[in-house]
Structures are given as C-alpha cells and as structure tokens.
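Accompanying notes for the structure given below.
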Amino acid sequence: MSKTLKLGLVGIGKIARDQHLPAIAADAGFELVACASRHAQVEGVRNYPTIDALLAAEPQLDAISLCAPPQVRYAQARAALAAGKHVMLEKPPGASLHEVEVLRDTARKAGRTLFASWHSRHAPAVEPARAWLASREIRSVDVYWKEDVRKWHPGQEWIWQPGGLGVFDPGINALSIVTRILPHEMVLTSATLFVPANTQTPIAANLVFADEYGAPVRAEFDWRHGPREQWEIAVQTSDGSLRIEAGGKLLEIDGASVDIGPEREYPSLYAHWRALIERGEDDVDVRPLRHVADACLLGTHREVEPFAD
Ligand code: NAP
C-alpha cells in the first residue's frame with residue numbers, strides 16, 4: 001500500500017463541505033490534517049485563518065487542495081507550491097489562462113504534481129461517451145446547461161465579479177465534458193453574452209463552435225432557469241446519436257439508456273490526483289477555460305435587466 005498523503009484543505013465553502021470533505025474521508029490514501037478558511041472551521045482537524053498560517057504551522061503536509069473562488073487560486077497555489085506541496089485546483093483552475101500556465105511550469109520545476117481538476121469529467125457518462133464517439137463522424141453537438149443561479153449560488157458575490165465567470169462557472173463544466181468526449185478540437189466562431197446591468201459577468205451565454213471538420217457545436221448556458229436544472233449534451237453522428245443528461249449521471253445511446261454505474265465524481269478526482277502524485281505526473285488541461293476566454297474575446301455583449309439575489 002502506498003503512503004498516506006497528509007492533506008490541507010483551503011476555502012471551506014459549499015463545494016468543500018458538499019463534496020471534498022466526504023470524498024477525502026472515504027479515501028484511505030489521504031489524511032485530512034488541517035484546513036484554512038477565513039470564517040469557517042472543520043471539526044476534528046486543526047484550523048487556520050489563511051493558507052500562509054496553515055503552511056507555516058503544518059510543514060509535514062504533502063498536499064493542498066484549493067476550494068476558494070478562482071480569483072484567489074493563483075496566489076494560494078503559488079504559496080503551496082513554494083512550500084513544496086502537491087496542489088489540486090478546483091475548477092476553474094484560475095481567473096486567467098496565463099496564471100494557470102505559470103503554475104504548471106512552476107510545479108514542473110519544483111517536481112510537484114499540479115492537478116487542475118474538472119469534476120464533471122469524472123461523471124460516469126463521460127468515458128463511455130468518449131469511447132463510443134472515438135470512431136464516429138460528428139454531425140452536430142447541442143449543449144444545454146441551464147439552472148437557477150439562486151438555487152446553486154445563493155449569496156455568492158464572487159461569481160458576479162471580474163474573474164468569477166458568471167454563468168460560465170457551471171457552463172465550463174459542460175465545456176470540460178465536451179472537450180473530453182469529442183474526437184476532434186473545436187474552435188469558437190461566435191458568442192453572445194447576456195450581462196445584467198449591475199454585474200460584471202454574464203447571466204446567460206450562447207456559444208457556437210465548429211469542430212475541425214466543420215460540425216457545429218452549439219451551447220446555451222442560462223442561469224435564469226426554473227428549479228429543474230437542464231444539464232444535457234446531445235451528439236448526432238453519422239452512425240447514431242448520444243445524449244448525456246443530468247450533468248453526466250445518465251447516458252443514452254440511440255434513445256436507449258446505458259448502464260454506467262453510480263455517480264462518484266469527487267472520489268474519482270481524489271483517486272486520480274493520488275495516482276498522478278505516485279507517478280510524478282501533472283494534469284493541467286486549460287482548454288475549457290480557453291474556450292471561455294475566447295467567448296469573452298469574441299462575444300457580443302447584450303445588457304439585460306439587473307440581477308437581484
Ligand atoms: P463558496 O461557497 O463561496 O465557498 C468558497 C469559500 O472560499 C468561501 O466560503 C470562503 O470561505 C472562501 N473565500 C471566498 N472568498 C475568498 C477570498 N477572497 N479569499 C480567500 N478565501 C475566500 O463557493 P463554492 O461554491 O464552494 O465554490 C468554490 C469553487 O468551487 C469555485 O471555483 C466553484 O466553481 C467550484 N465548484 C463549486 C461547486 C458548487 O456546486 N458550489 C461545484 C463544483 C465546483 P471563508 O470566508 O471562510 O474564507
């Protein structure tokens with residue numbers, strides 16, 4: 001059995017409590033030793049108000065998992081790498097593309113594992129979909145990623161601020177799946193961003209890509225949706241159709257449901273990170289964030305009514 005990795009968890013908010021803490025508790029390969037958060041504390045471990053205090057007080061830690069919003073990811077990751085830790089980044093891996101690339105190079109020079117995680121890629125539909133699509137000719141892809149922002153991001157001011165991504169915060173999950181399952185690269189051709197009059201980031205976005213052979217990939221992201229979220233990806237090929245539903249928990253091929261097993265995204269993320277550390281490898285794929293950045297570069301902005309939480 002390989003060594004148990006002593007872990008620090010930083011940014012104790014919704015995703016840390018909903019997913020990271022249970023996944024870590026269930027993984028014998030990690031021992032949660034300490035947490036850092038300005039206001040929150042986790043029972044049963046040592047707690048610090050900042051990552052710097054945590055790193056100074058806990059030099060024996062092997063690895064740090066970062067769950068705070070993207071705007072502070074770069075500074076926190078740099079501090080952890082400078083202290084010699086392996087680092088896992090929640091998605092999106094940063095507030096800008098270049099900072100993620102600098103982190104990747106810094107980690108490589110330091111001989112540490114940087115894992116820019118995309119939890120939706122670990123949904124059970126993703127690898128079977130990728131295998132099924134690998135030998136098929138893609139005709140079209142339609143992505144519908146729609147949810148109620150008040151249900152999924154209550155009171156989260158950072159998502160409306162620069163670097164917070166707005167509706168791309170969930171939309172990037174769809175892009176992380178699409179970039180994993182499609183056999184070819186795709187390039188953005190147009191985008192429309194719907195930005196409330198009182199926010200810095202979009203509440204909805206429509207994107208159109210073309211894959212390398214010209215097949216359209218259309219995406220509709222919308223936070224003004226009802227209580228039943230729609231997280232779907234439909235792919236038409238020359239030889240049948242595929243539909244991913246419920247964010248990757250369900251898979252249909254030619255209209256028939258496929259048995260893909262239970263959802264275990266975060267346990268799978270931590271297992272993957274541990275395997276990367278054991279092999280001395282990293283995993284930093286910035287393509288989903290690059291597509292969002294391209295939408296911001298190429299997109300037409302439409303002002304919509306102010307958002308009230
Ligand atoms: P959240 O509930 O706002 O929690 C993040 C925590 O980070 C906050 O509670 C806060 O804790 C800390 N934090 C906030 N601003 C900070 C700052 N400026 N400096 C240092 N710490 C700060 O957000 P979340 O939903 O957990 O999302 C965090 C990340 O996880 C995002 O990148 C998001 O995309 C990703 N994610 C979220 C979900 C989801 O369903 N919510 C799912 C998957 C991934 P303290 O005030 O105690 O410091």
Side-chain angles (χ1 to χ4, degrees), residues 1-95 99-100 102-119 122 156 158 163 264-284:
M1 167 101 182
S2 50
K3 167 189 169 207
T4 300
L5 296 162
K6 294 190 189 309
L7 180 67
L9 188 66
V10 176
I12 307 302
K14 183 168 177 5
I15 199 61
R17 290 199 190 279
D18 288 357
Q19 297 290 349
H20 288 257
L21 288 172
I24 295 162
D27 190 330
F30 289 99
E31 177 195 353
L32 184 65
V33 171
C35 293
S37 213
R38 296 164 310 171
H39 305 99
Q41 303 219 325
V42 172
E43 264 183 48
V45 301
R46 292 183 286 281
N47 290 277
Y48 301 92
T50 65
I51 187 171
D52 294 329
L54 176 147
L55 292 169
E58 306 281 353
Q60 79 286 14
L61 292 179
D62 299 298
I64 300 286
S65 179
L66 298 177
C67 306
Q71 293 98 330
V72 295
R73 195 99 74 224
Y74 178 71
Q76 294 186 335
R78 279 193 75 82
L81 290 170
K85 314 307 176 194
H86 304 292
V87 175
M88 178 159 107
L89 309 172
E90 245 302 352
K91 50 67 49 169
E99 66 184 31
V100 183
V102 170
L103 288 177
R104 183 193 55 209
D105 294 347
T106 304
R108 283 183 184 165
K109 276 187 208 136
R112 300 291 99 179
T113 288
L114 182 67
F115 175 29
S117 72
W118 298 108
H119 65 88
H122 293 253
Q156 291 184 349
W158 59 265
R264 49 186 315 279
E265 288 181 16
Y266 279 78
S268 172
L269 275 189
Y270 275 91
H272 181 59
W273 187 27
R274 190 156 37 77
L276 288 171
I277 292 170
E278 281 166 12
R279 294 199 301 268
E281 294 173 7
D282 58 23
D283 181 353
V284 183

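Positions are given from 1, in the same order as the sequence printed here.
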Worked check of side chain to side chain contact (heavy atoms under 4.5 Å, CB included) between Leu9 and Val42: CA-CA 10 Å; Leu9 188 66; Val42 172; 5.6 Å; no

Distance-minimising heavy-atom pair for Ala107 and Leu114: CB-CB, 3.7 Å

Could you pull out every donor-acceptor pair under 3.5 Å between side chains of residues 77-84 and any protein atom, sequence neighbours left out?
unit_1, atom_1, unit_2, atom_2, d
Arg78, NH1, Tyr74, OH, 3.4

Rounded distance (nearest 0.5 Å) linking atom CZ of Arg38 with atom CD1 of Ile51: 13.0 Å

Under the side chain to side chain donor-acceptor pair (under 3.5 Å) test, residues paired with Gln71 that sit two or more places apart: none

Shortest non-hydrogen contact from Gly163 toward Ala95: CA-CB, 4.2 Å

Atom pair CG/OG1 of Asp283 and Thr113 - distance to nearest 0.5 Å: 10.0 Å

By side-chain contact (heavy atoms from CB on, under 4.5 Å) - contacts of Lys6 (at least two apart): Glu31, Val33, Gln60, Leu61, Asp62

Side chain to side chain, Ser65 and Leu7, heavy atoms closer than 4.5 Å: yes

Which residues share a salt bridge (Lys or Arg N to Asp or Glu O under 4.0 Å) with Asp52, sequence neighbours left out: none

Spacing of CG belonging to Leu269 relative to CZ belonging to Phe115, to within rounding of 0.5 Å: 5.0 Å

Reported SG-to-CD distance for the pair Cys67 and Gln19, which is rounded to 0.5 angstrom: 10.5 Å

Trace of the side chain to side chain contact (heavy atoms under 4.5 Å, CB included) decision for Thr50 with Leu54: CA-CA 6 Å; Thr50 65; Leu54 176 147; over 6 Å; no

Qualifying residues under salt bridge (Lys or Arg N to Asp or Glu O under 4.0 Å), relative to Arg264, sequence neighbours excluded: none

Separation between CD1 of Ile277 and NE2 of His272, rounded to the nearest 0.5 Å: 10.5 Å

Set of residues satisfying side-chain contact (heavy atoms from CB on, under 4.5 Å) with respect to Gln41, sequence neighbours excluded: Asn47

Arg46: salt bridge (Lys or Arg N to Asp or Glu O under 4.0 Å) partners, not counting sequence neighbours: Glu58

Salt bridge (Lys or Arg N to Asp or Glu O under 4.0 Å) contacts touching residues 105-116 (sequence neighbours left out): Arg108-Asp282

Residues Ser117, Leu89; criterion side chain to side chain contact (heavy atoms under 4.5 Å, CB included); working and verdict: CA-CA 6 Å; Ser117 72; Leu89 309 172; 5.6 Å; no

With sequence neighbours excluded, residues passing salt bridge (Lys or Arg N to Asp or Glu O under 4.0 Å) with Glu281: Arg279

Pairing residues for Pro70 by the side-chain contact (heavy atoms from CB on, under 4.5 Å) criterion, not counting sequence neighbours: Arg73, Pro92, Trp158

Test side chain to side chain contact (heavy atoms under 4.5 Å, CB included) applied to Val102 and Val100, step by step: CA-CA 5 Å; Val102 170; Val100 183; over 6 Å; no

Interatomic spacing from NE2 in His86 to CD1 in Ile64 - rounded to 0.5 Å: 11.0 Å

By side-chain contact (heavy atoms from CB on, under 4.5 Å) - contacts of Ala40 (at least two apart): Ile12, Arg17, Ser37

Non-hydrogen side-chain atoms of Arg274 and Asp27 separated by less than 4.5 Å: yes

Residue pairs, two or more places apart or on separate chains, that pass ring-ring contact (aromatic ring centres under 6.0 Å, His included) and touch residues 13-32: His20-Tyr266, His20-Tyr270, Phe30-Tyr270, Phe30-Trp273

